[in-house]
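Have a look at the structure below before the remarks.
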Amino acid sequence: MKINLLVLRCKELEASKQFYELLGFNFVKERHGDGPTHYSSQDAGFVFELYPLAKNEALDSSRVGFSLNGIQQVLSHVKTVSQHEFNGRQIYIVQDPDGRKVELSEQ
């Protein structure tokens, strides 16, 4: 099994785009039919999309994790909420602009 799509709804779409770009994602602006303008990336081998949060929609508490190269450079631009070791790897917990916990580790 392999993940092929992840969609996050965001209160601050542009701030979220900038945050996830720090992690290495490159987004393109898209709009399908009369749907909302959103951002899409296929950099990690799956489709990762950031959509604006609709007015009547509640923000979720999803948690996502990414392993990436050059983690120290990313960590210098974001606040680490906590960190721990798991299977010999350092895991850093940061928050995206919507307050979701994002786990980062060195690839």
Side-chain angles (χ1 to χ4, degrees):
M1 184 167 310
K2 178 180 158 184
I3 187 169
N4 68 349
L5 174 66
L6 173 62
V7 175
L8 297 180
R9 304 283 179 175
C10 308
K11 286 190 287 188
E12 298 293 331
L13 190 59
E14 295 300 322
S16 293
K17 176 184 171 277
Q18 291 173 0
F19 174 85
Y20 287 102
E21 285 175 334
L22 279 173
L23 306 186
F25 289 97
N26 296 299
F27 292 97
V28 294
K29 193 178 267 193
E30 293 184 342
R31 184 169 185 204
H32 310 293
D34 62 351
T37 299
H38 62 280
Y39 291 104
S40 181
S41 172
Q42 295 186 31
D43 295 327
F46 65 95
V47 177
F48 180 36
E49 294 182 322
L50 303 174
Y51 271 78
L53 187 67
K55 291 179 184 176
N56 60 348
E57 207 171 16
L59 186 65
D60 65 24
S61 60
S62 300
R63 187 170 183 161
V64 296
F66 301 101
S67 58
L68 50 126
N69 293 317
I71 193 169
Q72 292 304 319
Q73 181 178 353
V74 171
L75 293 173
S76 70
H77 290 84
V78 297
K79 181 182 176 196
T80 300
V81 175
S82 65
Q83 75 181 74
H84 62 275
E85 186 176 318
F86 181 74
N87 286 341
R89 296 172 66 190
Q90 280 300 119
I91 308 294
Y92 300 88
I93 309 298
V94 301
Q95 286 184 310
D96 75 4
D98 289 306
R100 285 185 200 88
K101 290 183 178 177
V102 178
E103 293 187 9
L104 303 178
S105 61
E106 186 75 39
Q107 187 168 17

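The first residue of the sequence shown is numbered 1, and numbering continues consecutively from there. Hydrogens, waters and symmetry mates are skipped; everything else that's a heavy atom, side chains included, is used.
- By the 6.0 Å contact criterion, CD on E85 is enclosed, its count of non-hydrogen atoms from other residues, nucleotides or ligands being greater than 12.
- Note that CD of Q72 is 12.5 Å distant from NE2 of H77, once rounded to the nearest 0.5 Å.
- Using a 4.5 Å cut-off between side-chain heavy atoms of Ile, Leu, Val, Met, Phe, Trp and Tyr, with links allowed through other members, L68 and F48 fall into the same hydrophobic cluster.
- Tracing side-chain contacts under 4.5 Å through hydrophobic residues (I, L, V, M, F, W, Y), one reaches L8 starting from I3; they form part of the same cluster.
- Taking CG of L13 as the start and CG of D98 as the end, the distance is 9.0 Å to the nearest 0.5 Å.
- Rounding to the nearest 0.5 Å gives a distance of 13.0 Å between OG1 of T37 and CG of L50.
- The same ILVMFWY cluster, assembled from side-chain heavy atoms under 4.5 Å apart, contains both V74 and V64.
- Counting heavy atoms from C-beta outward, V94 and F19 have side chains that approach closer than 4.5 Å.
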Side-chain polar contacts of residues 99-107 - donor-acceptor pairs under 3.5 angstrom, sequence neighbours left out - could you list them?
unit_1	atom_1	unit_2	atom_2	d
R100	NE	D60	OD1	3.2
R100	NH1	D96	OD2	3.0
R100	NH2	R9	O	2.3
E103	OE2	R63	NE	3.2
E103	OE2	R63	NH2	3.2
S105	OG	R89	NH2	2.6
E106	OE1	I71	N	3.3
E106	OE2	G70	N	3.2

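- Residues F25 and F66 bring their aromatic ring centres within 6.0 Å.
- V81 and L75 are assigned to two separate hydrophobic clusters, defined by single-linkage of ILVMFWY side chains at heavy-atom distances under 4.5 Å.
- Rounded to the nearest 0.5 Å, atoms CG (L22) and NZ (K17) are 11.0 Å apart.
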Could you give the side-chain donor-acceptor pairs of residues 26-36 under 3.5 Å, partners two or more places apart or in another chain?
unit_1	atom_1	unit_2	atom_2	d
N26	ND2	D43	OD2	3.4
E30	OE1	H32	NE2	3.3
E30	OE1	H38	NE2	3.2
R31	NE	G35	O	2.5
H32	NE2	H38	NE2	3.4

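- L59 is not connected to V7 by any chain of hydrophobic side-chain contacts under 4.5 Å among Ile, Leu, Val, Met, Phe, Trp and Tyr, and they are in different clusters.
- Rounded to the nearest 0.5 angstrom, Y51 OH and C10 SG are separated by 11.5 Å.
- Summarising the geometry, atom NZ belonging to K55 is positioned 13.0 Å from atom CD belonging to E57; distances are rounded to the nearest 0.5 Å.
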